[in-house]
Amino acid sequence: MVNFTSASAPMLDGRMPHIQCTKDDISEIVLLPGDPGRVALFEEFLQDFKIISRNREYTVGTGFYEGIKITVCSTGIGAPSTEIAVVQLIALGAKALIRIGGTGVIREDIPCGTIVLNTAAVRMGGASCFYAPAEYPAVASFEVLDCLKRSCEEQKKPYAMGICVSVGSFYHGQGRRLPFEGEYDEQAVLERYGTWNIVNMEMEAETIFTLASLNGVLAGSICTVHCNRATDQWLVDFEAAQKDMCRTALLACKKLDQEYLTK
């Protein structure tokens with residue numbers, strides 16, 4: 001016997017088709033790394049941490065930070081896969097979505113290992129254009145940004161704040177020559193972003209910010225600098241920086257829960 005569910009809104013027994021979770025699996029605050037492998041990092045930081053599901057680019061884990069339930073859900077790389085995760089998490093009851101991950105800066109004065117908090121994002125990812133016109137801003141929520149900023153300061157972690165460009169391209173969209181390409185003007189793209197006073201480039205924040213704003217959900221982004229395009233440095237071993245960023249994000253989650261989400 002062949003079983004079917006709705007093609008326009010697929011769900012089976014309350015379980016979302018891509019992230020493979022139910023409402024009971026998800027906390028109000030969800031951290032969103034891109035890499036599925038980084039979800040396992042939180043076994044070190046969360047009590048009773050367990051992996052809920054693994055499917056495609058989506059790995060979901062849940063645990064407790066000082067009594068607060070926290071879900072970690074990977075998004076994969078770029079806007080389309082991020083859109084799926086964000087939509088399904090909001091449908092399951094998420095109230096705050098915080099991107100965590102790595103980023104590349106285009107300013108010489110921000111070294112690798114620094115934390116970047118994005119106040120807003122240029123919408124060049126692709127997926128969000130199906131939800132709102134280009135004029136609609138992709139902005140971080142004040143509540144999340146406030147908690148992230150104070151967490152950095154309390155832990156004495158150096159940080160930078162500003163606008164990122166979320167671009168749906170790793171190579172030409174971020175001013176990189178293709179590995180098999182001859183002449184290419186990398187600086188032209190970077191200089192263009194520089195005239196916009198962009199701090200960093202990444203691939204997911206604008207999708208998260210836009211969809212969260214449209215649906216009344218809080219959103220923010222905290223990333224550690226993996227590469228600096230101005231100095232042409234790529235941080236090879238970034239695990240320690242990632243862990244520092246995760247600790248800072250979790251402290252911010254506690255503040256967010258106690259100060260802004262408590263009913």
Side-chain angles (χ1 to χ4, degrees), residues 16 19 21 23-34 39 42 45-46 60-75 79 82-101 103 115-123 125 127-128 131-132 136-155 159 161-164 166 199-200 202-223 245-263:
M16 285 293 173
I19 64 173
C21 294
K23 191 177 185 66
D24 291 339
D25 295 325
I26 301 301
S27 62
E28 288 191 343
I29 302 173
V30 183
L31 298 177
L32 300 172
V39 177
F42 284 85
F45 307 122
L46 298 179
V60 183
T62 295
F64 292 85
Y65 179 76
E66 299 189 11
I68 301 165
K69 186 177 180 181
I70 301 291
T71 296
V72 187
C73 174
S74 61
T75 63
T82 300
E83 173 211 25
I84 291 171
V86 168
V87 168
Q88 294 184 9
L89 288 165
I90 292 174
L92 292 176
K95 296 292 189 293
L97 302 171
I98 304 175
R99 163 155 160 66
I100 59 173
T103 191
I115 286 174
V116 173
L117 309 179
N118 285 129
T119 56
V122 180
R123 292 175 55 202
S128 72
Y131 296 88
Y136 189 89
V139 294
S141 304
F142 165 81
E143 296 90 338
V144 178
L145 195 59
D146 174 50
C147 293
L148 290 171
K149 180 177 181 291
R150 286 189 286 126
S151 295
C152 287
E153 291 169 349
E154 286 180 19
Q155 298 197 100
Y159 68 95
M161 294 178 63
I163 299 172
C164 71
S166 293
V199 173
N200 60 305
E202 54 86 72
M203 303 181 76
E204 293 84 31
E206 69 101 339
T207 305
I208 298 167
F209 292 176
T210 303
L211 289 172
S213 292
L214 288 168
N215 290 282
V217 171
L218 302 179
S221 175
I222 176 171
C223 292
M245 181 263 299
C246 290
R247 293 186 189 96
T248 305
L250 287 170
L251 179 57
C253 288
K254 179 181 177 181
K255 294 179 183 298
L256 189 65
D257 179 78
Q258 293 178 341
E259 299 175 25
Y260 292 108
L261 292 181
T262 301
K263 299 173 180 63

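In this chain, residues are counted from 1 in sequence order. These values consider heavy atoms only, across backbone and side chains, with no hydrogens, waters or symmetry-generated copies. No experiment lies behind these values; they were computed from the predicted model shown.
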Taking atom [atom1] of [X] and atom [atom2] of [Y], what is their separation to the nearest 0.5 Å?
X	Y	atom1	atom2	value
M161	L145	CE	CG	4.0 Å
R99	C164	CZ	SG	8.0 Å
L46	E66	CG	CD	10.5 Å
L89	K23	CG	NZ	11.5 Å
L32	T75	CG	OG1	6.5 Å
I222	I115	CD1	CD1	4.5 Å

Counting C-beta onward and ignoring hydrogens, is there a side-chain heavy-atom pair between [X] and [Y] closer than 4.5 Å?
X	Y	result
Y65	I29	no
L31	L250	yes
E202	S166	yes
Y136	S213	yes
I68	C253	no
V122	I163	yes
F45	V72	no

For the residue pair T207 / S128, report whether a side-chain donor-acceptor contact shorter than 3.5 Å exists. no
Between the main-chain N or O of [Y] and the side-chain N or O of [X], is there a donor-acceptor pair closer than 3.5 Å?
X	Y	result
T248	S151	no
E206	G125	yes
Q88	I19	yes
R123	A132	yes
S27	T71	yes

Grab the two heavy atoms, one from [X] and one from [Y], that are nearest each other, plus how far apart they are.
X	Y	result
A85	C73	CB-SG, 4.4 Å
F209	A219	CD2-CB, 4.0 Å
L148	A249	CD2-CA, 4.4 Å

Determine, for K95 against E143, whether the closest basic-nitrogen to carboxylate-oxygen distance falls under 4.0 angstrom. no
Can you list the steps and then say if V86 with N215 is a side chain to side chain contact (heavy atoms under 4.5 Å, CB included)? CA-CA 11 Å; V86 168; N215 290 282; over 6 Å; no
What residue among I208, I90, L211 forms side-chain contact (heavy atoms from CB on, under 4.5 Å) with V217? I90
